[in-house]
Each structure stands twice: as C-alpha cells, then as structure tokens.
Amino acid sequence: MLDVVLDYHITGGRTFELRIGLEGWELTEQPLEAGGAVDAAAQHVTPEGELVLPLADPAAQQVRVRFSLRRAVGLGAHDLPLPAAAGAAVLPGTLTITSDPAWQANVRLEDSVGVAPLDERAVAAVEPVDQAAGRNGRGGGLVHRLQCYLARSTVAVDVVEQEQRITRESLIEARMLDGRLEVEQQLRFDIAHQPATELEAMVPSALLSNEGLTLLLDGKPLPAAAAEVLAPTPEQAAAAPESQRLVVRLARPTLGRVVLGIRSALRLSDGQRVGGEPIAVPLASSVHPMSSTVKLRLASGMSASLSRQSAAAGWVALPDAPGDDGAAFSAVTNKPLVSVALVFERAAAAPPELVRVVASWAQTWVSGDIRQDRFVYRIETRAPQAALILPASVANHPLELLCDGVARPIEDSQPGRVVVELAASAEQALHTIELRVQSRRKQGPWNRVDVALPRVEGSDSGRPFFWQLILPRGLTAIGAPPGMSPEYLLGWQGMSWGRQPTQTQGELERWTGATKAPSPPPSTNQYLYSGFEPPAAVSVLAVRRIWIIVAAGLCALVIGLAWLHTAIGRSSAFWAVVSVASIALLLSYPEAAVLMIQAAALGGALTAISALTQWLLADGQATRPAPASPPASSIASVAPTQPWVADGGAGSGRAAAPSLQSSGSAP
C-alpha cells in the first residue's frame with residue numbers, strides 16, 4: 001500500500017488537468033481527496049497507466065491531491081518505481097516505508113534510483129504520511145525515512161519475514177487458608193511478529209504432584225487433550241533439573257498475550273503454619289529469560305520472609321508496604337527459577353493507628369412519617385481504613401455510606417460495624433465519612449425524638465459536635481439534650497419573629513467537608529445544639545405547637561378570671577407575683593417569647609369575652625321593672641310625723657309628742 005500526497009503550485013497560465021504516471025500501481029477503493037479542486041466524476045486512468053485529474057477551476061494556483069495505491073509485493077527483493085507527476089518540475093519529497101510486525105522491509109540504497117537518506121531536520125515533513133499510514137492500520141515494524149530528489153525515482157527493498165518473539169512473565173499469588181497454602185501462578189506469554197500454535201514451560205515434578213492441580217488458559221479451564229507432559233531435552237534438563245516439559249497446544253495460531261494459569265495447593269505442617277520452618281513452593285519456569293513476581297496474602301498476625309536459599313538464588317523481597325491488591329509480602333526475580341522458599345512467622349501486633357475526629361455533625365430531619373438521620377465525621381489519620389460502630393437503631397435499617405464524596409459499598413461481615421477503606425497515605429490525611437439512614441417513625445403530638453449516634457472506632461474525644469434537628473411547622477422542641485446547649489439567635493426572619501440557628505446546613509457541610517445536599521425549606525422549625533464531644537445518644541421533647549399555645553392561653557385566662565372575680569386577683573401583690581414569674585420564664589426560655597405572646601393574646605381574648613358576658617348579664621338585671629306594692633297589713637308602723645323641735649321661746653323644755661297613725665282600720 002502506498003499513500004501519495006502531491007502539492008501542486010501552478011503559475012503563468014491556466015491548467016485544465018493534472019497527469020500522474022502510476023508506474024504499475026493501482027488505485028485503491030479509497031476516494032481521492034483534493035478539497036473539491038478536482039472533478040471527481042471526470043477523473044480516470046488511461047490505458048498507458050496515467051491518472052488524469054481534470055481541474056474544476058483552471059485558474060487555480062495551488063492544488064493538494066491525496067490518494068492511495070497498491071501493488072502486490074511478496075517476500076524477496078523488489079524494485080518499486082514511484083509515481084511521477086507528468087509535465088511538472090518536481091522538487092525533493094519525502095518517503096516513509098513501514099511494514100507489518102510480521103514483515104520487515106530493508107532498503108537497498110545502492111540499487112535505488114533518486115533516493116537518499118532523509119535529513120533529520122526534515123522529519124517534521126513526514127508527519128502527514130505517517131498519519132495516513134496509521135489510518136490504514138499499517139505500521140509496527142522497522143521504519144525507513146528517505147528523500148526522493150528525481151522526478152522518476154525507484155526504491156529497492158528486500159522483504160523478509162520477522163522472527164517470532166515471545167516474552168514471558170510470571171506472577172505468583174498465594175494465600176494461607178485452613179492449614180494449607182493455595183498457589184496460583186500465571187505465565188504470561190506476549191507473542192509478537194509470528195503467531196504461535198503452542199506454548200511451553202518447565203514444570204517441577206513436585207508441582208505436578210500437588211493436590212488440586214488445575215490448568216487454565218486465559219482464565220478458562222484447559223481441556224486435558226490440549227496439554228501434554230513430555231521429557232525435557234538435555235539442554236532443558238541441565239537448566240531445570242527434576243522438571244518436565246509442559247506443552248500446551250492452542251486452538252488457533254495466536255498473536256498477542258496468552259495467560260497460562262496453574263493452580264495447586266500445598267499442605268502445611270505444624271511448624272510451617274506456626275512459623276520458622278521454610279516452605280518450598282514449586283514454580284513453573286522457562287529456559288528463556290523471564291521475570292517473576294510472588295505476592296502473598298497472609299493470615300492475620302502472620303508475616304513472611306525469604307529463606308536464605310531463595311535470597312541467594314536471586315529472589316529480592318520488596319518493601320513491606322501493603323499494596324492496593326491486599327498483598328502483605330512481595331518478592332521479584334529476573335531469573336528462570338523453578339521454586340521459591342518462604343518462611344512464615346508470627347508478626348508482632350502493631351498498635352492501632354489513632355483516628356482523630358476533627359469535626360462531627362448529626363442531622364435529624366422529620367417529615368411526616370419519614371425520618372432521615374445523617375451522620376458526618378471529619379477524621380484525620382494515616383491508617384488505610386476506619387471503622388464505625390453502629391447502634392442497633394441504625395444498623396437495622398438500609399444504610400448509605402460515602403467517603404470523601406464517593407459512595408462506598410457496605411459489607412455485612414460484622415453486624416453493627418462498618419469498615420471504610422481510605423486512600424493509602426504515609427502522612428496524616430483528612431477524610432470525611434458520611435452515613436445516611438431513613439426510617440418510618442410516626443411522630444406523635446407529644447413524643448421524644450431519640451437518636452443513637454454511631455461511634456468512630458479508636459477515635460479520640462474532646463472535639464466539637466453539633467446536632468441539627470429539623471421538625472415540621474406544627475412541632476416545637478422543648479428544652480435541650482442533656483449535656484448540650486442550644487445555639488440560636490432571636491431575630492426577624494422575613495415577617496416573623498423567632499429563634500434562628502447560628503449555623504445553617506450549608507455552613508455545617510463546609511465545616512465537615514460533607515457533600516452538598518438540598519437545604520431544609522424555610523417553613524420548617526430548625527434547632528441546633530452543640531457539645532464538647534459526641535454523646536452516645538441525644539434526645540429532645542417534641543410537642544405540637546398548638547398544644548403549648550392553648551395551655552398557656554388557659555393559664556392567662558385563669559389569671560384574667562381571678563382579676564375579674566376575686567379580690568386577690570385585683571391586689572398588687574398578685575400581679576407582682578405574676579410579673580416576676582413571667583419574667584423568670586421568659587429569661588429561662590427566651591426562644592418561647594413568641595409563644596408566650598400568642599398565649600397571652602389568646603388568654604386576653606378569652607378574658608375579654610368573659611368580662612363582656614358578665615357585663616351583658618349585669619346590665620339586663622339593672623333594667624328589669626320594679627315589682628308591685630305588697631297588700632295592706634294590719635301591723636302598725638311607727639313613724640315620726642314631725643321632728644323633735646325644742647321650744648326655745650317657752651323655755652319649758654317639753655318636746656312634741658309623737659302621734660300614732662294606723663295603717664289600716666281595726667277589725
């Protein structure tokens with residue numbers, strides 16, 4: 001395949017067509033690209049092998065033409081003439097020769113015509129041709145960059161077949177389980193240039209006798225007919241003594257990576273399980289150079305090391321840093337070894353990493369019959385994981401776990417305990433753990449809101465903690481949880497007066513580094529409580545707002561009725577006691593000022609109604625007509641008919657005698 005790019009510069013006249021000698025090459029099915037400068041419907045190839053390209057605009061001064069040619073080329077020597085632009089002066093151009101990985105084209109400059117090595121400063125000019133070669137799926141072999149300086153050039157090449165190249169790599173993974181060591185070795189073959197029909201490895205006789213021996217090819221069980229154990233050649237026997245030759249036949253000629261897996265298990269003695277006695281793990285190998293890596297997953301409280309024989313044979317242990325794959329021990333070698341000897345020991349118990357809780361925040365949101373609890377912990381640690389101890393009220397409901405804003409799965413290996421994997425870090429790092437749980441709990445008109453809080457395992461104490469309680473409009477929280485203080489400011493919110501929390505949900509999310517969630521609507525009642533450290537549980541009494549108003553209003557009514565109907569209620573001492581009690585209550589619960597005002601207004605209204613009713617009843621009695629005079633009585637009444645008057649003129653000192661009048665006739 002030949003990709004051709006020609007740049008025409010036309011001066012001094014009108015040009016109606018371009019002619020290109022193909023020199024035995026054929027056009028491919030790919031369309032010719034000229035940016036509309038060539039009449040594609042009129043282009044054709046003459047019987048003499050010239051490509052004729054009529055121009056759409058005869059007055060064009062620059063035309064770029066790109067097309068692809070092909071020619072049959074097999075193994076051996078070839079002289080390939082290059083297409084030539086007829087009737088044009090040709091400047092030096094570039095030629096790039098690539099080949100498929102299975103082939104190799106070697107240029108013979110001494111037999112070529114008009115071809116020379118390309119100046120390194122002109123490498124950038126080759127990029128368009130290289131990109132075209134990449135689009136056609138070619139490349140991967142040896143690349144030659146040449147310069148063509150004649151109008152008719154010929155390049156001589158020798159096409160040979162690339163030799164097959166196979167690189168080998170071994171990965172051994174082992175883990176201790178129930179008194180035995182389960183081993184899986186993966187032989188990774190990378191086949192290049194020529195396809196392979198079979199794979200070969202040297203397998204120790206001890207490996208063939210292991211229990212549970214299983215062969216896999218690319219992760220699938222290998223049929224018994226596809227594998228055969230043969231005697232080694234003398235060279236192989238010298239390189240790998242006491243080993244057999246394992247030949248695996250592939251279903252079809254294969255290029256690329258092929259993975260041959262070998263699984264087996266070794267029974268461990270008491271000394272090997274406890275530690276101190278070496279364990280020789282037989283491995284498949286190759287007579288060719290091969291790198292091997294062994295990775296161990298150990299039981300809790302165990303450590304591993306290389307025996308002296310393995311260390312002397314070429315195995316090198318890697319630093320004791322657990323990787324992301326969970327391996328506790330790793331070792332590598334670049335030699336085709338047939339075994340590795342390991343020594344297991346009881347590891348000293350490392351002190352647990354301290355987890356410092358920087359900030360913690362809990363949110364309880366009650367909406368109808370659904371309650372959502374959200375627990376956020378901002379921790380600082382260098383441990384690879386952290387654990388949360390869950391109370392029963394939280395562990396019995398579906399949970400949602402987030403770490404640093406990313407959702408994490410929850411394993412049920414230990415009920416009541418959630419393990420969170422953290423990003424590995426050698427230094428102290430900050431992480432945010434969020435736990436969300438929803439439950440259906442009917443909140444009565446007079447009930448307590450109880451929340452049991454999870455605990456960060458192995459954490460210190462003494463850090464600030466906030467509990468945010470969100471209740472519906474009709475519910476009011478009374479008091480504060482034991483050991484915690486309410487955090488609020490009294491002020492206006494829109495047209496209403498009341499308590500306002502000192503921190504909003506958004507501010508608490510930024511403080512703890514939590515993910516942003518929808519904020520509570522303004523119609524809800526929001527409460528915020530703080531403490532020096534997270535308690536085991538928090539609780540507060542939630543009461544219907546109307547109940548408080550009615551109860552306080554009845555108290556105000558009783559006071560008003562006492563003022564109306566009793567002498568004590570109208571005394572100054574009574575009102576002094578009422579004023580002192582109201583002021584003390586207001587100072588103790590200043591957030592209840594609005595409720596007290598509403599209750600006082602309700603009690604005052606009821607008292608006014610009572611007073612109006614009493615006045616109406618009293619006024620009706622005053623306007624009623626007087627009853628008729630009683631009938632005459634026979635009882636005489638004694639009444640003075642004239643006053644006692646002293647006779648000043650006579651000076652006798654006598655008084656006027658009273659007269660008796662009968663009020664009725666005698667019988």
Problem set entry | Nearest non-hydrogen partners of A225 and R249, listed with the distance | O-NH1, 4.5 Å
Exercise. Counting N and O atoms only, with roles assigned by atom type, does the side chain of Q505 sit under 3.5 Å from a partner on the main chain of P518, one being a donor and the other an acceptor?
Worked result: yes
Exercise. Given the rule in the side-chain contact (heavy atoms from CB on, under 4.5 Å) test, do L118 and L146 qualify, once you have shown the distances and angles that lead to the verdict?
Worked result: CA-CA 4 Å; L118 181 65; L146 307 173; 5.5 Å; no
Exercise. Would you say C403 and L422 make side-chain contact, with heavy atoms under 4.5 Å?
Worked result: yes
Exercise. Above 12 or not: heavy atoms from other molecules or residues under 6.0 Å from CZ of R152?
Worked result: no
For this session: Test L402 against every option in V376, T515, L435 by the side-chain contact (heavy atoms from CB on, under 4.5 Å) rule and name the one that passes.
Result: T515
For this session: Might you confirm whether atom CD of Q61 has over 12 heavy atoms from other residues, nucleotides or ligands at distances under 6.0 Å?
Result: no
Problem set entry | Minimal non-hydrogen separation, V437 against P398, with atom names | CG2-O, 3.7 Å
For this session: Work out which heavy atom in L430 is nearest to a heavy atom in D404; give both atom names and the distance.
Result: O-OD1, 4.4 Å
For this session: Could you tell me whether E23 and R71 have a side-chain N and a carboxylate O separated by less than 4.0 Å?
Result: no
Problem set entry | Minimal non-hydrogen separation, R108 against D158, with atom names | NE-OD1, 2.8 Å
Exercise. When rounded to the nearest 0.5 angstrom, what distance separates NZ in K516 from CZ in R510?
Worked result: 7.0 Å
Exercise. Would you say the side-chain atoms of W25 pair up with the backbone N or O of L80, donor to acceptor, closer than 3.5 Å?
Worked result: no
Exercise. Are the charged groups of E29 and R70 less than 4.0 angstrom apart, N to O?
Worked result: yes
Problem set entry | Residues T293, L171; criterion side-chain contact (heavy atoms from CB on, under 4.5 Å); working and verdict | CA-CA 5 Å; T293 303; L171 175 63; 4.1 Å; yes
Exercise. Is the backbone of Q438 close enough, under 3.5 Å, to the side chain of E400 for a donor and an acceptor to pair up by distance?
Worked result: no
Exercise. When rounded to the nearest 0.5 angstrom, what distance separates CG in D7 from CD in Q62?
Worked result: 8.0 Å
Exercise. Is there side-chain contact between S367 and I370, with at least one heavy-atom pair below 4.5 Å?
Worked result: no
For this session: Check whether any side-chain N or O of H44 sits under 3.5 Å from a backbone N or O of A42 as a donor-acceptor pair, and report yes or no.
Result: yes
For this session: Look only at the side chain of E509 and the backbone of A517, and say whether a donor-acceptor pair between them is shorter than 3.5 Å.
Result: yes
Problem set entry | Shortest non-hydrogen contact from W103 toward G74 | CZ3-C, 4.4 Å
Exercise. Per the side-chain contact (heavy atoms from CB on, under 4.5 Å) rule, which among V38, V4, L2, T28 passes with F67?
Worked result: V4
Problem set entry | Close side-chain approach of L222 and L216, heavy atoms under 4.5 Å | no
Exercise. Do D190 side-chain atoms and G256 backbone N/O form a donor-acceptor pair below 3.5 Å?
Worked result: no
For this session: Take E200 and R245 through the side-chain contact (heavy atoms from CB on, under 4.5 Å) test and state the conclusion after the steps.
Result: CA-CA 7 Å; E200 186 175 306; R245 184 161 60 101; 3.2 Å; yes
For this session: Could you tell me whether a side-chain N or O of R168 sits under 3.5 Å from a main-chain N or O of I166, the two making a donor and an acceptor?
Result: yes
Exercise. Rounded to the nearest 0.5 Å, how far apart are CG of D218 and CG of L250?
Worked result: 9.0 Å
For this session: Give the intermediate values and the outcome of side-chain contact (heavy atoms from CB on, under 4.5 Å) for residues L181 and V183.
Result: CA-CA 6 Å; L181 187 66; V183 183; 4.1 Å; yes
Exercise. Roughly how far, to the nearest 0.5 Å, is the CG atom of L187 from the CD1 atom of I262?
Worked result: 5.0 Å
Problem set entry | Pair R378, T432: side-chain N/O donor-acceptor within cut-off below 3.5 Å | yes
Exercise. V157 pairs by side-chain contact (heavy atoms from CB on, under 4.5 Å) with which of I97, V73, N106, D79?
Worked result: I97
Exercise. Do other residues, nucleotides or ligands put more than 12 heavy atoms under 6.0 Å from E507 CD?
Worked result: yes
Problem set entry | Note, L53 side chain near V63 side chain (heavy atom, < 4.5 Å) | no
Exercise. Are the side chains of V203 and V229 in touch, meaning some heavy atoms are under 4.5 Å apart?
Worked result: no
